[in-house]
Peer 1: 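Let me give you the structure first, and then I'll get to my questions.
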Amino acid sequence: MANTVSNISNLDFASIRQELKDFLQDQEEFIDYDFEGSGISSLVDLLAYNTHMNAMMAHLTVNEPFLETAQLRSNIVSHAYTLGYIPKSAESAKATLDVVVTGTAASPTQIVFPDGFKFSGKINSKEYTFITDNSYVAIKDANNQFTYNDVSVIEGKAKTDRYNVDGLIPNQQFILTSDNADITTLKVTVYENASATIGETYTLFTEIATVGPRQRAYFLKENQFGKYSVFFGDNNISLKPTNGSVIELTYIETVGKASNGVNDLNAATQITDIDPTVASVATSFSGDLLYTFGGRVKEGDESIRRNAPIYHATQDRAVTANDYRSLILNRFQELVDCSVWGGEEADPPIYGKVFIAPAVPAGEKIPSSLKSNILAYLKNKNIGAIVPEILDSEYAFIELFIGVNYNPNKTQLSVANLKEEVRSYVTRYNNEILNRFNTVFRASNFLSDLDSLDEGIISSVTRTKLYKILLPNPTKPEDYSIKFPCRIYAEIGEEGGTIQSSVFQVEGVNMRVGDEFITDDPLRLRLFFYDAVTGNKINQYNNVGYIDLEKGEVVITNVKFDLANPITLKVQPDSYDIAPIYNQLIYIKTEDVNIEMRLDTISVNGSNGIAAFKTFGKHED
């Protein structure tokens, strides 16, 4: 006869009820009872419900007081707040534009391009609105045109919340009513009364050393309902608005990352609103920017749980590499990651410097304006003798072949759907594992997870190649160093097959890059250019650099290209795993994935399928 409940880990209602029922059925007093049809069933339900609620209360009591184990967002946010950490809000996509306004002879000599002017752009027929966040002035030129450079635009619509200060409410808080407020755009203005037209601007509190009784600073937090709220000091730390004052909160309501990638923006406001004489407005992205970037969703629970203790450990100063990384990622939410290393780790060492490589979601170079903002932000936080330097992230792209042996009898998916499942897995792997600093493409882990996608996948293999994009300078001869995040494979005795390139133009001739072994240096290959049409080596370009196989470096020296068109340089890694360092990132584009599905005849037909079984080659078939 059982006198104990067999399993105390099942705490949901149904499991507890079944445990109680099994326990009572084992008692001699209840041998003949029908527990489903008798009145005792209601008592069992009551006991199960009571036990379940007590278990939940105990669970919450033990777990919710700690950041590491709390499950409710309100508790996670509250614990983070005690560490001085404010969860990141959704953030608008942004861009900088060069705007040319065409007027007439009647146009004034200067025109102010207004704050709040709207531009629109589309992604897959979905339209997004971007607005200027400042006003700009330009002088009319001889062609009756006004040119505005580096016009900053952000996605979303402007919102304003106004509140009256009630001196009878202790610790009064003023809530941003939008669930998708971008707090990086928040402006807080305090007016003396409801009829006042000129107000005082308050700035966000960042550190205690800069705020005294007379400084106008506001504090920010996320409340228990998931909205951001503003509150003020008590005249000891920050100036407190007086009773009857009006608080005005202006900010941008955004759709977040959905608006990343808009590559064409056009005027959406009536252009005559700029000036009645304006005839047209033309826009283009500034510098090397190709599309809008930086949009982010609101920070998730796990991210808060991870980042709050790290941010607290920095104590708002930049000493270690982790300090720099934490401060930058917390302040500049448009960055997807950031790599930081000391100059002493560089090759050769450069003492007295710290190198910072930010990465934006789009995988492009970050705008120069963002670099300047990062350096300005670090100016009062890093050690005076250490000079920070911003480097562009370098992307190496993986060209991936995946061979899959499958058994259709072990899956409910068609071959096409199984192939699509593999492709979706590669996309997830790239987004979740790669495209981050200090991550490694581990071939064995990649294949192990791929094989476990579906029982119909019997085995799989991969072949990888790496390519990088060279951006040539057509204005003068230059040296180029292209560093890959791995050793480069070269087939001994195989001339000209180590590096592959796209077609480029030098002195009016379409060329490609070739390579050949150097007799007295087995770890280096000589580079030359050959005619892309005839395949003949170009004599005057028979020695234009080298490949260092061990360092994974391709060096092209003293070459003037005719065009600025990007050049693709492709090599084969001399290892299964690929481990980028410093400012290197690896990325898999969807179009660079080639998947071949092959029937596993042995799995399907046993020994009768051996003769028809075909393996995937280690190198290209």
Side-chain angles (χ1 to χ4, degrees), residues 263 288-291 359 362-365 392-402 426 430 434-435 441 462-475 477-491 494-516 525-535 537-538 541 544-549 551-575 578 580 583-595 619-620:
N263 57 16
D288 53 9
L289 195 63
L290 300 177
Y291 34 71
E364 299 292 333
K365 291 182 179 179
D392 288 316
S393 301
E394 294 184 4
Y395 274 81
F397 300 94
I398 299 179
E399 190 176 86
L400 187 63
F401 169 83
I402 302 175
V426 176
N430 177 71
L434 304 182
N435 199 26
F441 175 80
T462 62
R463 293 196 297 263
T464 58
K465 287 192 173 181
L466 278 176
Y467 68 90
K468 296 190 76 170
I469 306 299
L470 170 65
L471 299 175
N473 180 5
T475 62
E478 276 199 10
D479 297 340
Y480 300 90
S481 175
I482 303 93
K483 295 181 180 180
F484 288 87
C486 61
R487 298 189 306 275
I488 297 175
Y489 175 79
E491 183 73 34
E494 177 91 14
E495 292 286 348
T498 299
I499 191 169
Q500 298 173 325
S501 79
S502 58
V503 177
F504 53 87
Q505 197 174 89
V506 177
E507 295 187 23
V509 179
N510 289 334
M511 302 183 185
R512 294 182 188 269
V513 179
D515 59 85
E516 57 190 5
L525 302 180
R526 182 183 296 109
L527 293 180
F528 59 85
F529 292 165
Y530 66 90
D531 192 301
V533 178
T534 66
K537 185 186 295 186
I538 309 295
Y541 293 102
V544 294
Y546 60 88
I547 301 175
D548 190 315
L549 300 175
K551 289 184 177 180
E553 185 176 17
V554 176
V555 176
I556 298 174
T557 57
N558 197 35
V559 173
K560 180 183 179 296
F561 294 92
D562 289 357
L563 304 172
N565 297 344
I567 301 171
T568 300
L569 298 175
K570 186 187 301 182
V571 299
Q572 182 175 340
D574 192 23
S575 59
I578 301 171
N583 62 328
Q584 296 176 334
L585 291 161
I586 48 180
Y587 194 90
I588 304 174
K589 294 182 178 179
T590 304
E591 59 267 30
D592 291 333
V593 180
N594 178 24
I595 303 170
H619 303 289
E620 292 185 40

Peer 1: Check salt bridge (Lys or Arg N to Asp or Glu O under 4.0 Å) between Lys537 and all other residues, then give those that pass, not counting sequence neighbours.
Peer 2: Glu516
Peer 1: Using salt bridge (Lys or Arg N to Asp or Glu O under 4.0 Å) as the criterion, list what pairs up with Arg512, not counting sequence neighbours.
Peer 2: none
Peer 1: Which pair of non-hydrogen atoms, one from Ile398 and one from Leu434, has the smallest distance, and what is that distance?
Peer 2: CD1-CD1, 4.4 Å
Peer 1: How about Leu400 and Asn594: do any of their side-chain heavy atoms sit closer than 4.5 Å?
Peer 2: no
Peer 1: Taking the side chain as C-beta and beyond, is there a heavy-atom pair between Phe529 and Val559 under 4.5 Å?
Peer 2: yes
Peer 1: Test side chain to side chain contact (heavy atoms under 4.5 Å, CB included) on Ile556 and Leu470 and set out the steps.
Peer 2: CA-CA 11 Å; Ile556 298 174; Leu470 170 65; 4.3 Å; yes
Peer 1: Taking Asp515 for its side chain and Leu527 for its backbone only, find out whether a donor-acceptor pair lies under 3.5 Å.
Peer 2: no
Peer 1: Determine the minimum heavy-atom distance between Leu466 and Phe484, stating which atoms define it.
Peer 2: O-CE2, 3.8 Å
Peer 1: Partners of Asp574 by side chain to side chain contact (heavy atoms under 4.5 Å, CB included), sequence neighbours excluded?
Peer 2: Arg487, Tyr489
Peer 1: Can you tell me how far the CD1 atom of Ile538 sits from the OH atom of Tyr530, to the nearest 0.5 Å?
Peer 2: 11.0 Å
Peer 1: Would a 4.5 Å heavy-atom cut-off, applied to side chains only, mark Asp392 and Asn583 as touching?
Peer 2: no
Peer 1: Counting N and O atoms only, with roles assigned by atom type, does the side chain of Asn430 sit under 3.5 Å from a partner on the main chain of Ile588, one being a donor and the other an acceptor?
Peer 2: yes
Peer 1: Return the set of residues passing salt bridge (Lys or Arg N to Asp or Glu O under 4.0 Å) with Lys483 (not counting sequence neighbours), or none when no residue passes.
Peer 2: none
Peer 1: Does a side-chain heavy-atom distance below 4.5 Å link Val509 with Asp531?
Peer 2: yes
Peer 1: Does any non-hydrogen side-chain atom of Pro580 lie less than 4.5 Å from one of Leu585?
Peer 2: no
Peer 1: If you compare all heavy atoms of Lys560 against all heavy atoms of Pro474, which two are closest, and at what distance to 0.1 Å?
Peer 2: NZ-O, 3.0 Å
Peer 1: If you look at every heavy atom in Ala490 and Leu525, which pair is closest and at what distance?
Peer 2: CB-CD1, 4.2 Å
Peer 1: Ignoring hydrogens, what is the shortest heavy-atom contact between Met511 and Val506? Give both atom names and the distance.
Peer 2: CE-O, 3.5 Å
Peer 1: State which residues pass side chain to side chain contact (heavy atoms under 4.5 Å, CB included) with Glu478; sequence neighbours excluded, sorted by chain then number.
Peer 2: Asn473, Lys476, Tyr480
Peer 1: Side chains of residues 561-572: which donor-acceptor pairs under 3.5 Å do they make with residues two or more places apart or in other chains?
Peer 2:
unit_1	atom_1	unit_2	atom_2	d
Asp562	OD1	Glu507	N	3.0
Asp562	OD2	Glu507	N	3.0
Asp562	OD2	Gly508	N	2.6
Lys570	NZ	Glu399	OE1	3.3
Lys570	NZ	Glu399	OE2	2.8

Peer 1: With rounding to the nearest 0.5 angstrom, report the OH to NZ distance, Tyr395 to Lys468.
Peer 2: 12.0 Å
Peer 1: So, do Ile488 and Thr498 sit near enough that their side-chain heavy atoms are less than 4.5 Å apart?
Peer 2: yes
Peer 1: Starting at OH of Tyr467, measure out to CG of Asp592 and round the result to the nearest 0.5 Å.
Peer 2: 3.5 Å
Peer 1: Would you name the heavy atoms of Thr464 and Pro573 that are closest together and state the gap between them?
Peer 2: O-CD, 3.3 Å
